[in-house]
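These notes are about the structure you will find just below.
Keep in mind it's a predicted model, so treat the numbers as computed, not measured.
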Amino acid sequence: MTDSQRFFYTSYLEKILVPFPDNRSNFVNFMILPLAMSILITNIKELIQVRDTNVTIVKGSDMKTLPVIKNAYLFIEHDTIVEYGSMDDYQDIDADEVIDATGKVVMPSWCDSHTHIVYAGNRVREFVDRINGLSYEEIANNGGGILNSAEKLQNTSEEELYQQSLKRLNEVIKLGTGTVEIKSGYGLTVDAELKMLRVIKRLKRESLAFIKPTLLGAHAVPKEYSNNKSAYVDLVVNELIPKATEEHLAEYIDVFCEKGYFDLDDTERILKAGVAHGLRPKIHVNQFNAFGGVALGVKYDALSVDHLEEMSKEDIEALKNSNTMPVALPSCSYFLSIPYTPARQMIDAGLPLALATDYNPGSTPSGNMNFVVSTACIKMKMTPEEAINAATINGAYAMGLSNMYGSICRGKKANLIITKEIPNYQFIPYAFGENLIDEVIINGIRLD
Ligand code: NIG
Ligand code: FE
């Protein structure tokens, strides 16, 4: 299948199955029939994360359970999982293509609910500066950090930004990620933020991954506003949010709620404005300091609160009985050598937890969900079952997608990872750093 066929095919499927306010044109009707196909996967050693009913979130001690069918088959038509079961019950199915998965694990694709994959250039110099003793905070205070990325992005054309981002996105798709949330936040002017969001929209249209866009205008205070932060918050509230929503460029509103960035009052103003424009909050909180951002997120019914390297008892209490998914970003903790989110404490308190990459040039220059899952097991003491639940079904929840993605369920989208021959699924986090993926199926399409 050529790239342009792929583009037409996914755009078509997304259009008929998931209506969105953005304007997909009328090219679609002729593409489905020639490309319609079915795939049968047989002799699967372990088919994991199988849910007979459409479970959309897994919490607390339930996270320890990862439903598995051994020696299984799975049947896909077009972009949808139609049937699965044990090979003992298998009866002949006619399929366009058959994959023999002897010795292999089949699972839903990773759902990465927190990324900043659209950025310009890199910050490798800051990486070396940190090795030589500067802290992340010191680098940011010297004009590095997010402001450095913003300057680069402002000086990069929309086309170039798209090409750089597409390359990263294609890499993570090959690593098994099928759904991705992408934030703005390296523009920090109205024009540059809208440029980022348009790039995200184009990726959404032209890539096979299912993408959710988030407006993170309040990622850092631009230099011009360093003595007048509230004027920048005014700009986000009065100009950026209205413009971005008028063009249907975002679904979620994010704020970096952190000391030296945006405080609780700033965050509340921005969340209020976002909600008034139909954006649901998904916010950065508790990366370095815990001062009430989690409860504020819950108050505004945030879909997720992300980072959570510093968690107080009050934060855990605030999340209980809420609809808000806590999201941990272990690659960020690894790269910055900061604490890991206290997953054990949170799950043992009955909370759900999702895992995501935080792919960005400053704190996590990696979009590898396989590494995230390994690191969660190794450093956060999550069991393989908990980590896989967190990186599939709960990740999908944190993007508002768990009705369609994140588990093997009849009627859900056929986004799958087929591993190489491995002893069992626990091997996925165990063999950290090794690429165990043999093949990826995304929207029912086999990637070559
Ligand atoms: O999620 N914490 C805020 N934002 C990003 C890092 C931004 C950067 O350093 O460029 C994060 O880690
Ligand atoms: Fe982030």
Side-chain angles (χ1 to χ4, degrees), residues 114-154 168 183-188 216-229 232-233 254-264 266-267 283-294 297 305-312 315 326-343 345 355-368 371-372 374-376 378-380:
H114 182 135
T115 85
H116 310 248
I117 213 168
V118 173
Y119 60 84
N122 62 69
R123 304 229 299 271
V124 68
R125 251 187 83 174
E126 295 178 12
F127 169 64
V128 177
D129 286 346
R130 278 195 304 107
I131 294 169
N132 287 324
L134 285 182
S135 70
Y136 183 74
E137 201 182 0
E138 283 164 340
I139 289 168
N141 292 340
N142 295 338
I146 295 166
L147 297 185
N148 180 359
S149 285
E151 195 179 326
K152 285 189 167 73
L153 189 136
Q154 287 162 12
R168 287 179 207 117
K183 299 170 193 302
S184 71
Y186 290 121
L188 305 187
L216 175 55
H219 196 191
V221 181
K223 256 189 248 131
E224 314 80 85
Y225 291 87
S226 55
N227 294 321
N228 195 1
K229 185 182 56 167
Y232 184 65
V233 175
D254 195 348
V255 178
F256 187 17
C257 179
E258 184 55 65
K259 284 191 183 156
Y261 293 83
F262 298 92
D263 62 24
L264 290 177
D266 304 325
T267 305
I283 58 175
H284 283 73
V285 286
N286 293 39
Q287 183 175 4
F288 302 108
N289 297 284
F291 54 87
V294 171
V305 286
D306 304 31
H307 270 289
L308 313 178
E309 288 86 344
E310 301 294 333
M311 283 294 274
S312 68
D315 293 324
V327 179
L329 309 166
S331 304
C332 174
S333 299
Y334 176 82
F335 189 73
L336 294 185
S337 301
I338 61 176
Y340 288 86
T341 301
Q345 226 180 306
L355 290 167
T357 62
D358 197 20
Y359 195 176
N360 76 75
S363 72
T364 322
S366 159
N368 189 339
F371 178 80
V372 165
S374 283
T375 308
I378 297 162
K379 295 292 186 186
M380 294 159 67

Considering all heavy atoms, the nearest [X]-[Y] contact:
X	Y	result
Leu188	Ala220	CD2-O, 3.7 Å
Ile283	Gly293	CD1-O, 3.9 Å
Arg130	Gly362	NH2-O, 4.5 Å
Met380	Ala328	CE-CB, 3.7 Å
Asp315	Ala290	OD2-CB, 3.7 Å
Met311	Asn286	SD-ND2, 4.0 Å

For [X], does the [atom1] atom have more than 12 heavy-atom neighbours from other residues, nucleotides or ligands under 6.0 Å away?
X	atom1	answer
Glu138	CD	yes
Phe127	CZ	no
Lys229	NZ	yes
Phe371	CZ	yes

What's the spacing between [X] [atom1] and [Y] [atom2] if we round to 0.5 Å?
X	Y	atom1	atom2	result
Ser135	Leu336	OG	CG	10.0 Å
Leu329	Asn360	CG	CG	9.5 Å
Lys259	Phe288	NZ	CZ	12.5 Å

Counting distance only, does the side-chain N/O of [X] pair as donor-acceptor with the main-chain N or O of [Y] below 3.5 Å?
X	Y	value
Gln287	Leu308	no
Thr357	Asn368	no
Ser226	Val221	no
Asn228	Tyr225	no
Thr115	Asp358	no
Arg168	Tyr119	yes

Exercise. Using the ring of each side chain (for Trp, its six-membered ring), is Tyr232 parallel, tilted or perpendicular to Phe262, with breaks at 30° and 60°?
Worked result: tilted

For this session: Taking salt bridge (charged side-chain N to carboxylate O under 4.0 Å, His left out) as the test, write out the residues that go with Asp254, two or more places apart.
Result: Lys183

Exercise. Excluding sequence neighbours, so at least two apart, what forms salt bridge (charged side-chain N to carboxylate O under 4.0 Å, His left out) with Asp129?
Worked result: none

Exercise. Looking just at side-chain N and O atoms, do His114 and His284 make a donor-acceptor pair shorter than 3.5 Å?
Worked result: yes

Seminar exercise, completed: For residues 140-151, the side chain to side chain donor-acceptor pair (under 3.5 Å) pairs (sequence neighbours left out) are Arg123-Ser149, Glu126-Asn148, Asn148-Lys152

